[in-house]
Amino acid sequence: VPIVGDPERMYKVVLAGDAAVGKSSFIMRLCKGKFVPNLNSTLGVDFQTKTLNVDGKLIALQLWDTAGQERFRSIAKSYFRRADGVLLLYDCTYERSFINVRDWMESIQESSDKVLPMMMCANKTDLREDVGEDGKKCISFEDGQKLARECGSLFIETSAKEGDHITEAVTELARLLMTNE
Ligand code: GDP
């Protein structure tokens with residue numbers, strides 16, 4: 001479907017999740033259509049814009065990256081303020097990032113006075129079969145979905161590297177944002 005004309009609506013979507021789960025790569029894949037293996041932690045600007053056709057309506061999403069703040073466990077409270085929705089990522093091959101999802105939920109809830117529509121993304125699915133053999137625990141689809149449900153979040157598995165389900169993830173979130181109005 002062609003993307004022509006002015007968007008009917010613009011939403012601010014912030015990315016959350018531990019360092020190195022693939023937030024910058026996710027935005028790069030969505031907005032630039034490519035995967036850059038050694039992306040620096042920021043794209044040099046606060047946000048990127050992506051226009052989507054959601055059920056025949058043009059919707060613009062402003063995607064905000066953390067600018068690497070999460071490395072210092074010091075996400076500014078203001079980061080989530082005025083956000084319309086959240087993309088919360090973890091790395092499905094790295095359990096710690098999955099466990100930390102609950103802390104992220106807490107930070108988000110503390111910083112926003114409304115319940116923010118959320119899409120939880122289990123990223124790096126392309127790596128899933130590589131790991132496992134060396135004994136590391138990968139997070140299953142079922143475990144991810146269960147946690148997402150507990151958090152009141154949508155859930156999807158993605159690969160920023162392969163481009164799997166990246167557009168679907170943001171389209172589903174945009175659909176929820178639109179129906180919430
Ligand atoms: P951020 O700190 O959350 O922004 O994570 P980055 O986007 O900087 O990614 C951290 C590392 O994981 C980089 O080496 C990326 O190339 C890599 N990475 C990100 N997404 C994927 C993915 O879907 N698959 C694989 N195999 N690697 C990924």
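Since the model is a prediction, treat every value here as computed from it, not as a measurement. Order of listing sets the numbers, starting from 1, for every ligand and every atom in it.
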**Q** Relative to ligand 1, is Val21 under 4.0 angstrom through side chain, backbone, both or neither, heavy atoms considered?
**A**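 Both parts.
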**Q** Count the heavy atoms of every other residue, nucleotide or ligand shown that sit under 6.0 Å from NZ of Lys114, and state whether that count exceeds 12.
**A** yes
**Q** Considering distance alone, does some N or O of Ala19 sit under 3.5 Å from an N or O of ligand 1?
**A**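 Between Ala19 and ligand 1, no N or O pair is found under 3.5 Å apart.
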**Q** Out of Ser159, Ala122, Ala20, Pro37, whose heavy atom is nearest to atom 13 (C) of ligand 1?
**A** Pro37
**Q** Among residues at least two apart in sequence or on other chains, which ones pass ring-ring contact (aromatic ring centres under 6.0 Å, His included) with Trp104?
**A**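 So Trp104 forms no ring-ring contact (aromatic ring centres under 6.0 Å, His included) with any residue.
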**Q** Please give me the minimum heavy-atom distance between Lys124 and Cys92, naming the atom from each residue.
**A**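 Looks like O-SG, 3.7 Å.
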**Q** Using a strict cut-off of 4.0 Å, indicate which atoms of ligand 1 neighbour a heavy atom of Ala160.
**A**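 Selected atoms, number and element: 20 (N), 22 (C), 23 (O).
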**Q** Tell me which pairs pass ring-ring contact (aromatic ring centres under 6.0 Å, His included) where either residue lies in residues 151-181, with sequence neighbours left out.
**A**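 Qualifying pairs: Phe141-Phe155.
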**Q** Can you find an N/O atom of Ser24 closer than 3.5 Å to an N/O atom of ligand 1?
**A** yes
**Q** Using a strict cut-off of 4.0 Å, indicate which atoms of ligand 1 neighbour a heavy atom of Ser25.
**A**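 Every atom of ligand 1 under 4.0 Å from some heavy atom of Ser25: 6 (P), 7 (O), 9 (O), 15 (C), 19 (C), 20 (N).
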**Q** If you take all heavy atoms of Asn180 and Pro117, which pair is closest and at what distance?
**A** ND2-CG, 3.4 Å
**Q** Can you name the nearest heavy-atom pair linking Asn123 to Val21, along with the distance?
**A** ND2-O, 3.0 Å
**Q** Please determine if Asp65 has a nitrogen or oxygen closer than 3.5 Å to a nitrogen or oxygen of ligand 1.
**A** no
**Q** If we only consider heavy atoms of Asp18, is any one of them less than 4.0 Å away from an atom in ligand 1?
**A**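 Yes, Asp18 has a heavy atom closer than 4.0 Å to ligand 1.
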**Q** Please determine whether a side-chain nitrogen of the Lys or Arg among Lys146 and Glu150 lies less than 4.0 Å from a carboxylate oxygen of the Asp or Glu.
**A**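 A salt bridge is present here (some side-chain N lies under 4.0 Å from a carboxylate O).
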**Q** For atom 21 (C) of ligand 1, which of the options Arg29, Lys124, Glu162 provides the nearest non-hydrogen atom?
**A** Lys124
**Q** Go through the steps for Ser97 and Asp91 under the test side-chain hydrogen bond (donor to acceptor under 3.5 Å, both in side chains), then give the verdict.
**A** CA-CA 6 Å; Ser97 71; Asp91 173 347; 5.4 Å; no
**Q** Looking at every heavy atom in both Met120 and Gly144, which two are closest together, and how far apart are they?
**A**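 So the two residues come closest at SD-O, 4.3 Å.
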**Q** Give the atoms of ligand 1, by number and element, whose distance to some non-hydrogen atom of Leu127 is under 4.0 Å.
**A** 26 (N)
**Q** Measuring from the heavy atoms of Phe35, does anything fall under 4.0 Å of ligand 1?
**A** yes
**Q** For Lys161 and ligand 1, does the shortest N/O to N/O distance drop below 3.5 Å?
**A** yes
**Q** Check each atom of ligand 1 against the heavy atoms of Asn123 and keep those under 4.0 Å away; list them by number with element.
**A**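 So the atoms of ligand 1 that pass are 20 (N), 21 (C), 23 (O).
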